Amino acid sequence: MKINSIAVLFAIPFIIISAISGYMLFINENDNYLIILIISMVILIAIYTLQPHIDFLWDKSHPKILDSKDKIFLTKFSSFYNNLNDEDKVKFENKIYVFTRSKDFKLIKKEKKRITSSFQNCNCSHLLFNLASIYQIYFKSFDRYFAYEHPFPTPKIQFLHSVEVNIEDKLAIFDIESLINSLNYNNRIFNIGIFAFSEIFLHLNENKILYTELEEKVFWDKISTISGFNKDYILNLIGFMPLKQFSILSTLFTTFTDKFETELPIQYNELKKIYNFK
């Protein structure tokens with residue numbers, strides 16, 4: 001459990017009770033102490049198991065105002081945020097706050113440097129905006145996000161690319177310039193942040209996601225028509241050929257919604273249902 005988790009505070013009294021009752025049981029074999037120890041241990045196990053849900057409910061009930069730097073970042077870079085009305089902006093800010101509570105996002109320089117929270121989940125909050133906030137806890141296991149100041153190679157993909165999701169290590173890596181620039185629709189850059197979170201969303205919900213894949217040539221022709229991004233550009237950016245089309249479709253559905261609906265109405269309706277799009 002994370003140190004900044006409210007569940008840890010709930011657990012502390014039961015840790016103390018367990019320690020005291022365990023000690024008393026050791027020096028005085030009394031069944032009452034055994035019962036107390038068992039009950040407190042069961043409660044601790046429950047708190048540990050339900051920790052993401054406990055933290056979510058607490059953070060949702062006690063939202064905090066975003067740091068001024070985060071708001072400046074959103075206003076300056078996020079087209080999605082700027083197009084929301086005042087009520088939905090508050091909703092978006094709350095989603096960001098809830099989601100960042102246990103995440104770690106660092107810029108890899110000579111020394112690792114923490115980055116404003118909006119960098120790490122602006123795209124996730126965008127992708128899941130119309131889903132119940134509790135969906136965000138499904139990303140709990142993916143709590144590390146790293147960024148370089150430039151495209152990067154990795155042992156898995158040894159040429160320069162701008163985004164990578166490592167399922168085994170539960171982390172995502174970005175080129176920070178591409179990540180920030182892709183937040184503004186006018187920059188005409190494939191949104192690597194939404195792509196990465198779509199990959200994670202697919203991994204965590206694969207058995208629940210139903211959508212229609214296209215024949216490969218038709219798929220890339222449609223992607224180009226919708227976005228202006230050709231196959232080589234996207235594959236060089238993300239570094240690999242995805243086994244499934246979902247994450248690329250999901251990215252363009254989120255960022256080129258109107259044209260996506262015109263060109264791919266079947267997939268549009270499928271993704272609309274998946275993301276509860278309104």
Side-chain angles (χ1 to χ4, degrees), residues 73 76-81 105-109 115 118-128 139 142 144-203 211 213-260 263-264 267 271 275:
F73 167 80
K76 184 175 181 180
F77 292 107
S78 176
S79 298
F80 178 76
Y81 176 80
F105 194 98
K106 291 180 179 176
L107 179 63
I108 307 299
K109 304 176 72 172
I115 300 178
S118 294
F119 279 97
Q120 62 183 337
N121 66 62
C122 183
N123 289 296
C124 182
S125 297
H126 180 178
L127 184 68
L128 305 182
F139 290 81
F142 287 80
R144 292 185 296 156
Y145 301 91
F146 301 121
Y148 290 93
E149 295 181 287
H150 47 71
F152 52 89
T154 62
K156 184 178 178 181
I157 303 174
Q158 296 186 8
F159 62 88
L160 297 179
H161 55 293
S162 294
V163 59
E164 185 173 325
V165 175
N166 189 312
I167 299 299
E168 293 78 18
D169 294 334
K170 309 296 184 186
L171 60 85
I173 312 170
F174 305 96
D175 160 27
I176 194 67
E177 184 176 356
S178 296
L179 178 64
I180 295 174
N181 288 337
S182 65
L183 291 173
N184 188 328
Y185 303 153
N186 295 326
N187 288 335
R188 305 289 298 175
I189 295 176
F190 183 78
N191 193 309
I192 60 172
I194 288 181
F195 172 81
F197 283 110
S198 298
E199 284 277 287
I200 298 171
F201 186 83
L202 175 64
H203 169 70
Y211 71 101
E213 292 223 341
L214 298 160
E215 189 272 327
E216 185 176 357
K217 184 179 185 307
V218 174
F219 170 74
W220 288 112
D221 286 345
K222 289 292 186 181
I223 294 304
S224 180
T225 300
I226 292 168
S227 65
F229 306 144
N230 62 35
K231 178 180 178 180
D232 288 342
Y233 164 76
I234 292 178
L235 295 187
N236 285 332
L237 198 67
I238 66 178
F240 71 107
M241 173 69 80
L243 295 176
K244 297 192 175 182
Q245 298 171 358
F246 177 81
S247 297
I248 293 177
L249 290 172
S250 183
T251 302
L252 299 192
F253 166 81
T254 309
T255 54
F256 295 88
T257 306
D258 292 340
K259 206 160 185 180
F260 192 101
E263 294 294 327
L264 294 172
Q267 288 75 11
L271 291 171
Y275 290 118

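Note that the structure is a prediction, hence the values are computed from the model and not measured.
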Worksheet item: Can you find a heavy atom in the side chain of Ile223 that is under 4.5 Å from one in the side chain of Ile234?
Response: yes
Side chain proximity check, Asn191 to Thr254, heavy atoms < 4.5 angstrom
no
- Message: Using ring centroids (six-membered ring only for Trp), state whether Phe256 and Phe260 fall under 6.0 Å.
- Response: no
Taken in chain and number order and not counting sequence neighbours, the residues that satisfy side chain to side chain contact (heavy atoms under 4.5 Å, CB included) with Glu168 are Asn166
Can you give each donor-acceptor pair under 3.5 Å made by side-chain atoms of residues 237-253, sequence neighbours left out, with the distance rounded to 0.1 Å?
residue: Lys244; atom: NZ; partner: Glu206; partner atom: OE2; Å: 2.7
residue: Gln245; atom: OE1; partner: Leu214; partner atom: N; Å: 2.9
residue: Gln245; atom: NE2; partner: Leu214; partner atom: O; Å: 2.8
residue: Ser247; atom: OG; partner: Glu199; partner atom: N; Å: 3.3
residue: Ser247; atom: OG; partner: Glu199; partner atom: OE2; Å: 2.6
residue: Ser250; atom: OG; partner: Ser198; partner atom: OG; Å: 3.0
residue: Ser250; atom: OG; partner: Tyr275; partner atom: OH; Å: 2.6
residue: Thr251; atom: OG1; partner: Phe195; partner atom: N; Å: 3.4
residue: Thr251; atom: OG1; partner: Ser247; partner atom: O; Å: 2.7

Looking only at heavy atoms, the pair that brings Val165 and Lys156 closest together is O-NZ, 3.9 Å
Side chain proximity check, Phe174 to Tyr145, heavy atoms < 4.5 angstrom: yes
Side chains of Trp220 and Leu235: does their closest heavy-atom pair fall under 4.5 Å? yes
Do Asp175 and Val163 make a side-chain contact, defined as non-hydrogen atoms from C-beta onward lying under 4.5 Å apart? no
By salt bridge (Lys or Arg N to Asp or Glu O under 4.0 Å), Asp169 pairs with (sequence neighbours left out) none
Here the gap from Arg188 atom CZ to Ser182 atom OG, rounded to the nearest 0.5 Å, amounts to 13.0 Å
Sorted by chain and residue number, the salt bridge (Lys or Arg N to Asp or Glu O under 4.0 Å) partners of Glu164 (sequence neighbours excluded) come out as none
When rounded to the nearest 0.5 Å, the distance separating OG of Ser162 from CG of Asn181 is 10.5 Å
The complete set of side chain to side chain donor-acceptor pair (under 3.5 Å) pairs with one or both residues in residues 226-242, sequence neighbours excluded, reads Glu216-Lys231
dist Ile192:CD1 -> Ile189:CD1 (nearest 0.5 Å) comes out at 9.0 Å
Sorted by chain and number, sequence neighbours left out, side chain to side chain contact (heavy atoms under 4.5 Å, CB included) with His203 holds for Phe142, Ile167, Lys170
Using 30° and 60° as the class boundaries, would you call the ring planes of Phe190 and Phe229 parallel, tilted or perpendicular? perpendicular
Value for CD1 (Ile176) from NE2 (His150), rounded to nearest 0.5 Å, stands at 12.0 Å
